[in-house]
Asks: 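Take this structure first; my questions come after.
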Amino acid sequence: MLKVSGLTKRFGGVVAANEVNLEVRGGEILAVIGPNGAGKSTLLNLLSGLTRPDAGRIEFLGLEITHSVPEVRTWRGLGRAFQIVQPFHEMTVRENLMVGALYGKPGTSLATAQKVVQQVLELTGLSAKADTEAGELTLLEDKRLELARALSTQPKLLLLDEVMAGLRPAEAMEAVELVKRIRASGVTVLFIEHLMPVVRALADRVVVMDYGQVIAEGPYDAVAANARVREAYLGRSA
Ligand code: ADP
Ligand code: MG
């Protein structure tokens, strides 16, 4: 579904992405983990087009998108949710989702957008809050709305950057169930997460980054037992 090769991004002397090679397979839930500053958010920004790479190539559904602007990637089916949620606070939940549904795919009719929004409200458990202003939601509802806003653009691949940050463990597990429902609805998921119980519960496959490079890849248990991965985490918590 997604193929990344040799992807490189420098910020001054920092190589935030260093010749990253990565594949996302249709239907999977892939986790990207790594210590603070490893380059995870940079990778997501490169994939969604918010950051331009210095080198490398990104292919999505067989087409090169390396230099496409973010909205073209959205139209092609690449959705993105952020760690810092920024809904339109003075608009209702439904109105926020209508924006995504109408602009996420060019030429979407009002009727189609309303149908998409209804489905997304149900999937994310926000139906009862549809007419509440986004600024009045709780933190957990904020997170759901952030996922819902990304889903309203009808993505084939959903990119999530630490969307569970700040949630209590029980709330995070609720969010885990939601991501599972999203995948069951036919959306492939690539997520960044630092809560290991969440990674273990969700990921079919885990990619580990450190200093801008992919240092390990595989099922959770194999990656968690990997000596280089343990060193990357322990080496920096000291
Ligand atoms: P992670 O998400 O894994 O914590 P980031 O991708 O945010 O890591 O950052 C990787 C490295 O790139 C860090 O050293 C960070 O300071 C640097 N970096 C990220 N974005 C910028 C930027 N816009 N300008 C300068 N340095 C940046
Ligand atoms: Mg980050």
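Starting from 1, each residue takes its place in the sequence as its number. Both counts, for ligands and for their atoms, begin at 1 and track the order of listing.
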Asks: Under a 4.0 Å N-O cut-off, is there an ion pair linking Arg149 with Glu146?
Replies: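 Answer for the salt bridge query: yes.
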Asks: For atom 7 (O) of ligand 1, what's the nearest protein heavy atom and its distance?
Replies: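 Answer, as residue, atom name and distance: Ser41 CB, 3.8 Å.
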Asks: Test side chain to side chain contact (heavy atoms under 4.5 Å, CB included) on Lys129 and Leu137 and set out the steps.
Replies: CA-CA 8 Å; Lys129 297 283 172 180; Leu137 299 178; 4.3 Å; yes
Asks: Between ligand 1 and Val14, is the shortest N or O to N or O distance under 3.5 Å?
Replies: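 No - when backbone and side-chain N and O of Val14 are compared with those of ligand 1, no distance drops under 3.5 Å.
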Asks: Are more than 12 heavy atoms from other residues, nucleotides or ligands located less than 6.0 Å from atom NZ of Lys115?
Replies: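 Incorrect, the count does not exceed 12.
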Asks: Tell me whether the Mg ion (ligand 2) has Thr42 as a neighbour, meaning an N, O or S atom of it below 2.8 Å.
Replies: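 So Thr42 does not bind the Mg ion (ligand 2) by this criterion.
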Asks: Go through the steps for Leu102 and Leu110 under the test side chain to side chain contact (heavy atoms under 4.5 Å, CB included), then give the verdict.
Replies: CA-CA 7 Å; Leu102 285 170; Leu110 202 56; 4.3 Å; yes
Asks: For atom 10 (C) of ligand 1, decide whether some protein heavy-atom distance is shorter than 4.0 Å.
Replies: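 It does: a protein heavy atom is found less than 4.0 Å away from atom 10 (C) of ligand 1.
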Asks: Taking only heavy atoms of Asn36 into account, list the atoms of ligand 1 that are under 4.0 Å away from them.
Replies: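 Numbered from 1, ligand 1 contributes 4 (O).
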Asks: Output the rest of the hydrophobic cluster of Val72: all Ile, Leu, Val, Met, Phe, Trp and Tyr residues reachable through side-chain heavy-atom contacts under 4.5 Å, sorted by chain and number.
Replies: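 Val72 clusters with Val69, Trp75.
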Asks: Among all protein heavy atoms, pick out the one at the shortest distance from atom 6 (O) of ligand 1; state its residue, atom name and that distance to 0.1 Å.
Replies: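 Of every protein heavy atom, Thr42 OG1, 2.6 Å lies nearest to atom 6 (O) of ligand 1.
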Asks: Considering only non-hydrogen protein atoms, determine which one is nearest to atom 23 (N) of ligand 1 and report residue, atom name and distance to 0.1 Å.
Replies: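 Closest protein heavy atom to atom 23 (N) of ligand 1: Phe11 CE2, 3.5 Å.
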Asks: For atom 12 (O) of ligand 1, what is the nearest protein heavy atom, given as residue, atom name and distance?
Replies: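 Nearest protein contact, heavy atoms only, for atom 12 (O) of ligand 1 is Ala16 CB, 3.4 Å.
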Asks: Quick one, Glu59 with Arg57, criterion salt bridge (Lys or Arg N to Asp or Glu O under 4.0 Å). Give me CA distance, side-chain angles, the key distance, then yes/no.
Replies: CA-CA 7 Å; Glu59 257 178 58; Arg57 182 181 165 91; 3.2 Å; yes
Asks: Within a distance of under 4.0 Å, is there any protein heavy atom near atom 16 (O) of ligand 1?
Replies: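 Protein heavy atoms within 4.0 Å of atom 16 (O) of ligand 1 - there are none.
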Asks: Would you check if the side chain of Glu177 reaches a backbone N or O of Glu174 as a donor-acceptor pair within less than 3.5 Å?
Replies: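 Side chain of Glu177 to backbone of Glu174, a donor-acceptor pair under 3.5 Å: no, none is there.
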Asks: Which atoms from ligand 1 have a heavy atom of Ala38 less than 4.0 Å away?
Replies: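 In order of numbering, the contacting atoms are 1 (P), 3 (O), 8 (O).
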Asks: Quick one, Asp131 with Thr92, criterion side-chain hydrogen bond (donor to acceptor under 3.5 Å, both in side chains). Give me CA distance, side-chain angles, the key distance, then yes/no.
Replies: CA-CA 5 Å; Asp131 300 309; Thr92 66; 4.9 Å; no
Asks: For atom 8 (O) of ligand 1, grab the closest protein heavy atom and report residue, atom and distance to one decimal in Å.
Replies: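 Looking at atom 8 (O) of ligand 1, the protein heavy atom closest to it is Gly39 N, 3.2 Å.
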Asks: For atom 3 (O) of ligand 1, which candidate among Lys40, Glu162, Met209 holds the nearest heavy atom?
Replies: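 Shortest heavy-atom distance from atom 3 (O) of ligand 1: Lys40.
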Asks: Just checking, any donor-acceptor pair under 3.5 angstrom between side chains of His194 and Glu162?
Replies: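 Yes.
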Asks: Looking at atom 4 (O) of ligand 1, what's its closest protein heavy atom, distance included?
Replies: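 The closest one turns out to be Gly37 N, 2.8 Å.
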